[in-house]
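Following: one structure in structure tokens, then a few remarks.
We count ligands from 1, going down the list as the structure has it; atoms in each ligand are counted the same way. Hydrogens, waters and symmetry mates play no part in the numbers below; they use all other heavy atoms, side chains included.
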Amino acid sequence: MRPRPTLRRFTAAAAAAVLATSITACGNAGNDDSETRDVDVAENAADEFEDGTRMKELAEDGKITIGVKYDQPGLGFKGATDDMPRGFDPEIGKILAGSLGIAPEDITWKETISDNREPFLQEGEVDLVIATYSITDERRQVVGQAGPYYVTGQQLLVRSDNDEINGVEDIKGSEVCSVTGSTSLDNVKKEGAKPRGFDTYSECVDQVLDGTVDAMTTDGTILLGYAAEQPDDLKVVGEPFSEELYGIGYSKDRPEMCQWINDTLTQAFEDGSWEEAFDVTLGESGVDAPEKPELQSCDA
Ligand code: GLU
């Protein structure tokens, strides 16, 4: 692993209390109740990387573009009046940028939806995708995915007054929505549900709320964010029925980024910044940071 460079500490506004009970009934996930977290920014970072690597280029430019979700409370969320997206994924982005000497304010955030994550990386629209992006063999055919930095599993979200769907065993024949380009739709199709795909989760939640579809499905962490926003109207049901390993997407043309990402994540696991990132985002709901996941080798 690379030796750790000298660091400057930046106090940057971190994620809002998106899953906390402080969320108002009107679903204001972009509230001002944000916590702060010190972000380490390496000094003279460009010296740490070999010529010709993408990390060296980014460190020399002092800029990076990162794709995150804008509609997933706790993970990646940007309200209409927010300057920056908030959530665990942007916090992981700040950790990676910091290791290149790039301060949070020099990160360009770009909204990615599930369906455009691969094309955004392939076309160089973004340098990294950190957007609840499960590692899959299929995706790894076209992009690089390092990590995982978080593990979750697919669950179901229904209206609070729905007594019929209590888990994946009850969805046969039901209309279940999710977003196109996600792993979730394929999984419920296998379970006999009628899948309904939308571009964004917000559209899917609205369909559950107005009764057009019976349930929404995606990773449990994402669903909990929505349920926490509208606890009187929505609930998460059943046990997780898949394992989703969140990876960090990079261009397949830049394979050297994999080891840098893994080294930086290892450092963040060890120095407490990963846990801190969790605590000020998803952890705001009162849950403790989970076990740190085991990173996959870049040689695999
Ligand atoms: N983690 C799953 C995926 O990457 C579902 C969530 C999402 O679409 O971002 O497909």
In ligand 1, which numbered atoms sit nearer than 4.0 Å to a non-hydrogen atom of [X]?
X	result
K69	7 (C), 8 (O), 9 (O)
T218	5 (C), 6 (C)
S184	5 (C)
Y246	1 (N)

Looking at D161 and R159, is there a salt bridge between them, counting it only when a charged N and a carboxylate O are closer than 4.0 Å?
yes

Should E191 and K189 count as an ion pair when the cut-off is N to O under 4.0 Å?
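A salt bridge is absent here (no side-chain N lies under 4.0 Å from a carboxylate O).
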
For ligand 1, is there an atom lying under 4.0 Å from some heavy atom of Q154?
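In this structure, Q154 fails to qualify as a contact of ligand 1 - no heavy atom is under 4.0 Å.
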
Could a heavy atom of I222 be found less than 4.0 Å from some atom of ligand 1?
yes

Please examine the side chains of Q122 and V142, heavy atoms only from C-beta on, and report whether any two atoms are closer than 4.5 Å.
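Answer yes - side chains close enough.
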
Within-4.5 Å side-chain heavy-atom neighbours: C258 and I261
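No - every pair of side-chain heavy atoms lies 4.5 Å or more apart.
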
To which protein heavy atom is [atom] closest, and what is the distance rounded to 0.1 Å?
atom	value
atom 4 (O) of ligand 1	R139 NH1, 2.9 Å
atom 10 (O) of ligand 1	T183 N, 2.8 Å
atom 8 (O) of ligand 1	S114 OG, 2.6 Å
atom 6 (C) of ligand 1	Y201 OH, 3.2 Å

Within-cut-off N or O pair, R117 and ligand 1, under 3.5 Å
yes

Closest non-hydrogen atoms of T132 and Y149, given as atom of the first, atom of the second and distance, are N-OH, 4.1 Å

What are the two closest heavy atoms between T264 and S99, and how far apart are they?
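In terms of heavy atoms, the two residues are closest at OG1-OG, 3.6 Å.
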
Once the angle between the rings of W260 and F49 is folded into 0 to 90°, is it parallel (under 30°), tilted (30 to 60°) or perpendicular (over 60°)?
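Geometry flag for F49 against W260: perpendicular rings.
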
Checking S160 side chain against D232 main chain: does a donor-acceptor pair fall under 3.5 Å?
yes

How does T132 reach ligand 1, if at all, at less than 4.0 Å between non-hydrogen atoms: by side chain, backbone, both, or neither?
both

Relative to ligand 1, is A131 under 4.0 angstrom through side chain, backbone, both or neither, heavy atoms considered?
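For A131, the contact with ligand 1 is made by the backbone alone.
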
Ring pair (Phe, Tyr, Trp, His ring centres under 6.0 Å) involving F278 - partner list, sequence neighbours excluded:
F88

